[in-house]
Amino acid sequence: MTTAGRGGAARRIAAYGGGGLSLVGTSVYGLLVAEAKLARRAIGDADGDPPAPSGWYGHGRPGPALTVALIGDSSAAGYGVDTVEETPGAYLASGVADAADRRVYLTSVATVGAQTKDLAGQVDRILPLEPHVAVIFIGGNDVTHAVTVRTSVRNLTAQVRRLREAGVQVVVATCPDLGTIEPLAPPLKQVARAWSRRLAAAQATAVVEHGGRAVALASVLSSEFQRLSDLLFGPDRFHPSAAGYARMSSAVLPTVLAALDLAPAEDELPEYDRGEALLPIDIAVLEAARHPGASVEPADDTAKPAGASRGRFVQLRRRRRQPETEVETPQDVEDRSGDDASEDPTDDLPVAP
């Protein structure tokens, strides 16, 4: 996420219609503007590029290789970390390589400041690589730039549809809870929380309706990040620290593994005593928001419970987080000294732009 234009975010948030936020009084509106300016000064500007995690993981493991694409904003790129091993991309790719015991090629095109309108260009860049799964972190900048929920979801849906039509599995980490950001003070904190959570629910619904999987991050940030704020937030108190990115990535990894048919045996079937269930989509989305890292995933159309009313049923899953694995340093495509290139089935894999 970026802080560009955040000084005017309160004005746009206050004017946002459809959620009752347009009805705030003049005094509250003035306070929102003042709080937004103070928050922007406290956060500062998001300068510089995060370390680039694109490359090969699972050094020395056998083929055929898996291809993972990472797209979205600074929460995908890992803004603020010092080393590539601390980025979400390296964490996810290392986790997939370990679970699959296969090499993984990661291409990350996530950029600091990206909004949902920027996803089309990012998808253009990764589709030629024919990834097995695309992982998307997006939404926070749409809130700070006061993009309406309808517009934001329409932008996201279009790219999820493109990816699914191309045979790519899709996992979306929905909009984080911006109400956890420490530089935001009441009432701006409450406005940001309400907007971001409404967007996250709409994202999850749209993603699952189009064949993707959605992981709720709002509950991760609202519980763990508030309780361990000194550990999980970076120096600007806006972006996560390296430990914070690891915590977010660990919540998303189990769903990425499920999308690749790599879920451990104990997670293949829902466990009802853990709160997993087949639910109407609107209820599943609300329930997922209450449980850190819970996911909403498509269900077979024939799986609707007997006697259930009309409507779409989906799976609510609370997949177990995977044991910590060593996060690797990526190798460039040209640097595969530990692999037998003569037997590599991915020799013709394009280089990520």
Side-chain angles (χ1 to χ4, degrees), residues 1-6 9 12 16 18 46 49-50 52-54 67-79 87-89 92-93 105-176 178 195-196 198-215 217 248 252 255-256 259 296 298 349-353:
M1 293 176 282
T2 181
T3 58
R6 192 167 291 108
R12 296 190 294 271
Y16 173 61
D49 296 321
S54 294
T67 306
V68 177
L70 183 60
I71 66 181
D73 57 24
S74 60
S75 58
Y79 173 80
T87 61
L92 293 171
Y105 182 75
L106 173 76
T107 179
S108 175
V109 294
T111 57
V112 176
Q115 302 175 44
T116 52
K117 68 179 182 180
D118 302 309
L119 291 178
Q122 294 185 3
V123 171
D124 286 344
R125 294 172 64 186
I126 62 100
L127 276 181
L129 299 176
E130 299 181 354
H132 294 89
V133 64
V135 185
I136 306 172
F137 289 73
I138 201 71
N141 291 316
D142 284 44
V143 175
T144 62
H145 288 77
V147 179
T148 66
V149 170
R150 179 178 298 179
T151 299
S152 181
V153 171
R154 183 172 63 244
N155 292 339
L156 175 61
T157 299
Q159 302 316 311
V160 171
R161 185 185 298 116
R162 287 180 66 196
L163 290 163
R164 293 298 296 128
E165 289 175 350
V168 181
Q169 296 293 328
V170 178
V171 175
V172 175
T174 57
C175 182
L178 298 187
W195 195 331
S196 55
R198 184 180 178 210
L199 175 57
Q203 287 177 321
T205 301
V207 167
V208 177
E209 286 180 338
H210 289 83
R213 302 165 189 250
V215 181
L217 286 188
M248 291 172 60
V252 176
T255 305
V256 175
V296 182
L349 188 68
V351 178

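FYI, side chains are in, hydrogens and waters are out, and symmetry mates aren't considered; it's all heavy atoms of this structure.
The OG atom of Ser108 sits 9.0 Å away from the CZ atom of Arg125 when rounded to the nearest 0.5 Å. Atoms CD and CG, from Gln115 and Asp142 in turn, are 5.5 Å apart once rounded to the nearest 0.5 Å. Taken from OH in Tyr105 to OG in Ser54, the straight-line distance is 5.5 Å, to the nearest 0.5 Å.
Listed here is the closest heavy atom pair of Val252 and Ala173: CG2-CB, 4.1 Å. Residues Thr174 and Ala204 share a closest heavy-atom pair of CG2-N, 4.0 Å. The two residues Gly140 and Cys175 have their closest heavy-atom pair at N-SG, 3.9 Å. Residue Val149 comes nearest to Ala202 through the heavy atom pair CG1-CB, 3.7 Å, listed as atom of the first residue, atom of the second, then distance. Contact record, Ala259 with Val133: CB-CG2, 4.3 Å, taken as the closest heavy-atom pair. Closest of all the heavy-atom pairs between Leu127 and Pro131 is O-CD, 4.3 Å.
In this structure the side chain of Val143 reaches within 4.5 angstrom of the side chain of Leu199, judged on heavy atoms. Between Ile138 and Gln203, some side-chain heavy-atom pair lies under the 4.5 Å cut-off. Looking at Val256 and Arg213, their side chains never come closer than 4.5 Å, going by heavy atoms from C-beta outward. Under the 4.5 Å side-chain criterion, counting only non-hydrogen atoms from C-beta, Val207 is in contact with Leu156. Looking only at side-chain heavy atoms (C-beta outward), Asp49 and Tyr79 stay at 4.5 Å or farther from each other. Side-chain contact between Met248 and Pro88 is absent, with no heavy-atom pair separated by less than 4.5 Å. Put simply, the side chain of Phe137 does not reach to within 4.5 Å of the side chain of Ile71, judged on heavy atoms. Side-chain contact between Leu70 and Val109 is absent, with no heavy atoms from C-beta onward closer than 4.5 Å.
For the pair Thr151 (side chain) and Val147 (backbone), a donor-acceptor distance under 3.5 Å is absent. Thr87 places no side-chain N or O within 3.5 Å of a backbone atom of Pro53 that could act as its donor or acceptor partner. With hydrogens and angles disregarded, a donor-acceptor distance shorter than 3.5 Å links the side chain of Gln122 to the backbone of Gly72.
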Check residues 160-167 and write down every donor-acceptor pair under 3.5 Å in which the side-chain atom is one partner and the other belongs to a residue at least two apart or another chain.
residue: Arg161; atom: NH2; partner: His210; partner atom: NE2; Å: 3.3
residue: Arg162; atom: NH1; partner: Ala120; partner atom: O; Å: 3.4
residue: Arg162; atom: NH1; partner: Asp124; partner atom: OD1; Å: 3.2
residue: Arg162; atom: NH1; partner: Gln159; partner atom: OE1; Å: 2.8
residue: Arg162; atom: NH2; partner: Asp124; partner atom: OD1; Å: 2.7
residue: Arg164; atom: NE; partner: Gly211; partner atom: O; Å: 3.1
residue: Arg164; atom: NH1; partner: Val168; partner atom: O; Å: 2.9

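Ile136 pairs with exactly one of Val123, Thr116, Leu119 by the side-chain contact (heavy atoms from CB on, under 4.5 Å) rule, that one being Leu119.
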